[in-house]
*Asks:* 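Right, I'll just put the structure down here and ask away after.
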Amino acid sequence: MANTIKKIGVLTSGGDAPGMSTAVRAVALAALKQGIEVVAIYEGYKGLIYNNIKPLKNTDVLNFINAGGTTLLSDRCDEFKTEEGMAKAIATCKEENIDAIIAIGGDGTFRGATDLSHRGIPTIGIPATIDNDITSTDYALGFDTAMNTNLMLGDRLRDTCWSHARCNVIEIMGRGAGYLALQSGIALGATIVAIPECDFDEEAAIAKLKAARANGQRSFIIAVAEGFPEKDGVPYGEYLTKRINTETKAEGAWIDTKFCRPAHMVRGGAPTLRDRLMAAQFAEKAVELILAGKSDCVVCARNGEIVETDISYALILDRMYKGKLKDGDLDKFSEEQVEAMKAFCAMRKAELDKMYALANLLA
Ligand code: ADP
């Protein structure tokens, strides 16, 4: 199998993340060095369906190293999920003599990678999402850059909050996951951090805020994950802002509180050092796996090592962690594997709880 790979395709898909382009560059350079042809598939899986494909040479990718967004563009392509769309994608691979694919993205992208692998196009996934919520890997590309953007924005809010003795609630992206809000919150010295995965006592949080003000604290930052359940029909961060203003004003000890939603601003920007290094390591491993004849797996960071995991295992592990297992999901796994998955999920939750305790300790 190893020497049958002559041409690989690389694509980025789903939500964009800083570091995607860096990974494309590294995939291309690592493969070209081995004498493998590389083609760029534009706009994710849509480019496979509509044959939006161009060869990549060394000189094409040099400036990909610090590109924000994704130079190969992305798309959320529902057609790819249909049998017809999949058949077109496979036909394009045959037409273009693409022997294998490296797909950079999140869990949706990995589902697509599995479908391709099962239809004879070996595909390897590289994790990339600013949410860093892919359970099987300690790290996904884009997370560090997004956190640094949160720091830059949050530090600016801190300056003006201090000047005017204010509080600022920042709603931090992450879909259903609170990693980005939690770690950014710690790094911003947030007085309150609210994430969906951990218990949050609103009354205690408000009491803490008021006590800190009474004790002389001039300004405050509050980090709320976008995935925290909404209240009174509005996103939780907006609700909390309103409650603090209304309540403290009525009590004659107003904590002037503003709301900020950086939203997609944190998706852009040049990748940080960490994202560039991780992109390089993930890409090197992905090319190595492709050349070793592997298929249907995702590269993962674990305790400082870059390892591989079967996509089906990674996806089910993810569902288990997020409490979204469906009937039959565990059927094809042995008892030992299921136990290992449960232990892994418990380890992930313990990691998160520890970090959340730290956020509260330092708040
Ligand atoms: P992400 O990869 O960031 O999680 P999405 O969930 O939007 O983003 O998935 C990206 C793309 O992957 C989708 O637009 C679609 O083309 C493909 N995809 C997602 N889910 C599936 C699936 N179940 N089967 C095949 N392809 C899928």
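Values below: all heavy atoms of this structure, side chains included; hydrogens, waters and symmetry mates excluded. Atoms within each ligand, like the ligands themselves, are counted from 1 in listed order.
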*Asks:* Does the pair Asn51 and Thr92 meet the rule for a side chain to side chain donor-acceptor pair (under 3.5 Å), with working shown?
*Replies:* CA-CA 6 Å; Asn51 199 336; Thr92 305; 5.1 Å; no
*Asks:* Please tabulate, one line per pair, the protein nitrogen or oxygen atoms found under 3.5 angstrom from a nitrogen or oxygen of ligand 1, with distances to 0.1 Å, or say none if there are no such pairs.
*Replies:*
unit_1	atom_1	unit_2	atom_2	d
ligand 1	2 (O)	Gly106	N	2.9
ligand 1	2 (O)	Gly106	O	3.4
ligand 1	2 (O)	Thr109	N	2.9
ligand 1	2 (O)	Thr109	OG1	2.5
ligand 1	3 (O)	Gly15	N	3.2
ligand 1	4 (O)	Asp107	N	3.4
ligand 1	4 (O)	Asp107	OD1	2.9
ligand 1	4 (O)	Gly108	N	3.0
ligand 1	7 (O)	Arg76	NE	2.6
ligand 1	12 (O)	Gly108	O	3.3
ligand 1	14 (O)	Cys77	N	2.7
ligand 1	16 (O)	Cys77	O	2.8
ligand 1	18 (N)	Gly108	O	3.2
ligand 1	24 (N)	Asp115	OD2	3.1

*Asks:* I'd like to know if Leu277 and Val287 are part of one continuous hydrophobic network [Ile/Leu/Val/Met/Phe/Trp/Tyr, side-chain heavy atoms within less than 4.5 Å].
*Replies:*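 In one cluster: no.
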*Asks:* Quick check against the 3.5 Å criterion: does Thr191 have a side-chain atom that pairs as donor or acceptor with the backbone of Ile222?
*Replies:*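 Here the side-chain-to-backbone pair does not exist.
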*Asks:* Can you confirm whether Glu84 is buried at CD, in the sense that more than 12 heavy atoms of other residues, nucleotides or ligands lie under 6.0 Å from that atom?
*Replies:*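 No, CD of Glu84 has 12 or fewer neighbouring heavy atoms, counting only those of other groups under 6.0 Å.
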*Asks:* For a ring-ring contact (aromatic ring centres under 6.0 Å, His included) check, start with the C-alpha distance between Phe143 and Tyr179, then their side-chain angles and the critical distance, and finish with the verdict.
*Replies:* CA-CA 9 Å; Phe143 184 55; Tyr179 296 103; 7.0 Å; no
*Asks:* Would you say Arg261's side chain and Ile170's backbone share a donor-acceptor pair under 3.5 angstrom?
*Replies:*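 Not at all, since once roles are kept as given, no pair shorter than 3.5 Å links the two residues.
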